[in-house]
Amino acid sequence: MVKCVSILGSTGSIGRQSLDVISRLEGIRVAALTAGSRVEQMAEQCRQFRPRLAVMASQEAAEALRRELQTLETEIAWGEEGLIRAATLEEADCVITAVVGMVGLKPTLAAIRSKKRIGLANKETLVCAGELVMEEADRWGAEIVPVDSEHSAIFQCLMGCGDRREVKRLLLTCSGGPFFGMEQEQLKAVTKADALRHPNWKMGPKITVDCATLMNKGLEVIEAMRLYRLPLEQVDVLIHRQSIVHSMVEFTDGAVMAQMGTPDMRLPIQLALTYPQRTISPVEPLDLTKCAALTFCQPDLEKFPCLALARACAQRGGTACPAMNGANEEAVALFLADEIGFYDIYRLVAQAVEQVPFIQNPTLEQILEADRLARLAVRNSSNH
Ligand code: NAD
Ligand code: MG
């Protein structure tokens, strides 16, 4: 079990649930907390958890936090430099990456180079620069324990599997989101409020929209390929409306291992902290006699083309994935600002991927440039 944790993105959905888990586990301290702009919530977390360092996204927010916390010894910083300091504080042995989006990339790399265990929630990081992140983790001997429920499920199914050649394929389950089963005509008219109503999970707004377009599952296919170093053909997606089976691994002898449980992110978060041990958690026990029948079917790639697009980008590799991710972040932000419709997300992302010059083996700088160009492409075409 880890002893001292820093959380990047502590005021978000994963961040708050991480603090809830930590408050119930004995013997874990908090080294650093970071947030975007929610000063009051951060001040409250600092009073409760007494971190050595608290980081806000802007200088203005950091100053507001300083005024709130005059009597505490917590040091306050801001911006990317602050995030990187939080990710590398000496006393922390684990960093939970719970910021949303590509901003998580540099701090995650910094934490890896400081040999921290990474409790990885920030999937955009692996989608954009997964090969680089995994290489660095190998080089520095930093453990990556996934927090995303599907990847944690696979991690658990692979415990005790010494040879990856025994894995035939991964089966990522997908709730289908709020628009499962709708006709294309209906889908054209869905609103932001409809998209933000997820049937089984309560999450931050960006990932909730990604669940509605199924882009989230596309990002997770790429995340799984990188984490488990498997080709696209070995990562499949199954719609499973009940979110009880969190994912599965099929082995070469035909055995299929599944990890099941009540949908509650505190389980994978806690496992990232206690691994290789398990301990009592607040997660409601699963009563299989009381839950609905478990069903599985294929996703509809025509109605939800973002998943097909993500698979195509995964196949191409190189800068296709960071371009797609950057374009998606930008398009989802526009959708959340009521500036574009639901299907525009797919249209703008697909266009942007075509517009960004393709590089097969990009450096970190070229990945960041692909992200920047893709965002620009989305902003330019949404203005027309
Ligand atoms: P959220 O929007 O609820 O929280 C995001 C956190 O990041 C907040 O603390 C916010 O202040 C901070 N943040 C945002 N922009 C920032 C910036 N520019 N600089 C610094 N901090 C910034 O998001 P979430 O739902 O908790 O998701 C976090 C990550 O975890 C995402 O990558 C998501 O895909 C992944 N994830 C979330 C869930 C879930 O259940 N919520 C499940 C699986 C994976
Ligand atoms: Mg997930």
Side-chain angles (χ1 to χ4, degrees), residues 8-9 12 36 57 79-80 83 97-109 120-134 148 195 204-226 305-337 339-384:
L8 311 183
E80 187 175 80
L83 262 181
T97 60
V99 289
V100 54
M102 177 76 170
V103 284
L105 178 56
K106 284 187 185 168
T108 303
L109 285 171
L120 190 127
N122 178 241
K123 65 188 81 185
E124 293 88 355
T125 294
L126 274 193
V127 169
C128 293
E131 277 143 356
L132 195 77
V133 167
M134 296 307 288
D148 209 345
K206 192 257 175 184
I207 183 175
T208 307
V209 173
D210 285 346
C211 286
T213 59
L214 294 206
M215 178 57 95
N216 182 54
K217 211 48 55 177
L219 299 177
E220 290 185 353
V221 166
I222 302 169
E223 186 184 8
M225 289 167 64
R226 303 295 179 253
C306 283
L307 178 53
L309 175 65
R311 288 192 80 97
C313 291
Q315 190 68 52
R316 256 180 116 187
T319 44
C321 295
M324 180 195 74
N325 178 75
N328 182 59
E329 285 190 29
E330 205 61 39
V332 171
L334 290 172
F335 176 72
L336 286 170
E339 285 180 31
I340 61 171
F342 185 69
Y343 265 123
D344 294 328
I345 299 177
Y346 166 73
R347 189 177 55 79
L348 291 171
V349 176
Q351 271 175 12
V353 170
E354 289 310 313
Q355 283 170 21
V356 175
F358 179 75
I359 302 170
Q360 186 69 64
N361 291 305
T363 60
L364 179 60
E365 284 63 39
Q366 289 168 327
I367 289 172
L368 296 172
E369 182 62 6
D371 171 79
R372 192 184 70 80
L373 291 174
R375 289 170 193 267
L376 197 66
V378 168
R379 278 197 300 270
N380 286 341
S381 4
S382 70
N383 286 335
H384 300 315

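One-based numbering along the sequence shown.
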> Is there a side-chain contact between Met225 and Val221 (heavy atoms, below 4.5 Å)?
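Answer yes - side chains close enough.
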
> Between Gly317 and Phe358, what is the shortest heavy-atom contact and its length?
O-CE1, 3.3 Å

> CG of Leu368 to CG of Leu373: how many Å apart, nearest 0.5 Å?
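Here the interatomic distance stands at 11.0 Å.
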
> Mind checking whether Leu83 and Lys106 have side chains closer than 4.5 Å, heavy atoms only?
no

> If you round to the nearest 0.5 Å, how far is SG of Cys321 from CG of Leu126?
11.0 Å

> Is there a side-chain contact between Tyr346 and Thr213, using heavy atoms and a 4.5 Å cut-off?
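Contact flag for Tyr346/Thr213 side chains = no.
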
> Calculate, to the nearest 0.5 Å, the distance between atoms CG and SG belonging to Asn325 and Cys128 respectively.
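Asn325 CG to Cys128 SG: 4.0 Å, rounded to 0.5 Å.
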
> Which atom names give the shortest non-hydrogen contact between Leu336 and Pro205, and what distance separates them?
CD1-CB, 4.0 Å

> Would you mind reporting whether Ile340 and Arg347 have side-chain heavy atoms less than 4.5 Å apart?
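SC-SC contact between Arg347 and Ile340 ruled out.
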
> Provide the closest heavy-atom pair for Ala323 versus Val353 in the form atom of the first, atom of the second, distance.
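The pair with the smallest heavy-atom distance is C-CG2, 4.4 Å.
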
> Carefully, step by step, assess Thr97 and Thr125 under the rule side chain to side chain contact (heavy atoms under 4.5 Å, CB included).
CA-CA 9 Å; Thr97 60; Thr125 294; 6.0 Å; no

> A quick test of your reading: do over 12 heavy atoms of other residues, nucleotides or ligands sit less than 6.0 Å from CD of Glu131?
no

> What residues form a salt bridge (Lys or Arg N to Asp or Glu O under 4.0 Å) with Glu330, not counting sequence neighbours?
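Glu330 satisfies salt bridge (Lys or Arg N to Asp or Glu O under 4.0 Å) with Arg375, Arg379 once adjacent residues are dropped.
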
> Using a 3.5 Å distance criterion without hydrogens, assess whether the side chain of Asn122 forms a donor-acceptor pair with backbone atoms of Val99.
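Present.
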
> Using only atom types and a distance under 3.5 Å, with no angle test, would you say the side chain of Gln360 pairs donor to acceptor with the backbone of Arg316?
yes

> Within the distance-only criterion (no hydrogens, no angle test), does the side chain of Gln351 pair as donor or acceptor with the backbone N or O of Ser381 below 3.5 angstrom?
no

> Can you name the nearest heavy-atom pair linking Val378 to Ala352, along with the distance?
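Taking every non-hydrogen atom into account, CG2-CB, 3.9 Å.
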
> Is the shortest heavy-atom distance from the side chain of Leu105 to the side chain of Leu364 under 4.5 Å?
yes

> Does the side chain of Cys313 come within less than 4.5 Å of Val127's, by heavy atoms?
no

> Is there a side chain to side chain contact (heavy atoms under 4.5 Å, CB included) between Lys123 and Asn216? Walk through the geometry before answering.
CA-CA 9 Å; Lys123 65 188 81 185; Asn216 182 54; 2.6 Å; yes

> Taking all non-hydrogen atoms of both residues, which atom of Gly318 and which atom of Pro362 are closest, and how far apart?
CA-CD, 3.9 Å

> Side chains of Leu109 and Leu132: does their closest heavy-atom pair fall under 4.5 Å?
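In short, these two side chains touch, coming nearer than 4.5 Å.
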
> Just verifying a value: how many Å separate Ile207 CD1 and Asp148 CG, rounded to the nearest 0.5 Å?
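Output value for this atom pair is 6.0 Å.
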
> Can you find a heavy atom in the side chain of Ile345 that is under 4.5 Å from one in the side chain of Met215?
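No; the side chains remain at least 4.5 Å from each other.
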
> Kindly give the heavy-atom pair with the smallest separation between Tyr343 and Pro305, and that separation in Å.
CE2-CD, 4.0 Å

> Apply side chain to side chain contact (heavy atoms under 4.5 Å, CB included) to residues Val133 and Arg226 and explain how you reach the verdict.
CA-CA 9 Å; Val133 167; Arg226 303 295 179 253; over 6 Å; no

> Let me confirm one number: the OG-CG distance from Ser382 to Asp344, rounded to the nearest 0.5 Å.
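Going from the OG atom of Ser382 to the CG atom of Asp344 covers 9.0 Å.
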
> With side chain to side chain contact (heavy atoms under 4.5 Å, CB included) as the test, would you mind laying out the steps for Glu369 and Ile359 before giving the verdict?
CA-CA 11 Å; Glu369 182 62 6; Ile359 302 170; over 6 Å; no

> Please list, chain by chain and in numerical order, all residues satisfying side-chain hydrogen bond (donor to acceptor under 3.5 Å, both in side chains) with Lys206, sequence neighbours excluded.
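side-chain hydrogen bond (donor to acceptor under 3.5 Å, both in side chains) list for Lys206, sorted by chain: Glu124, Asp210.
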
> When rounded to the nearest 0.5 angstrom, what is the spacing between CG in Asn361 and OG1 in Thr319?
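OG1 of Thr319 is found 10.0 Å from CG of Asn361.
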
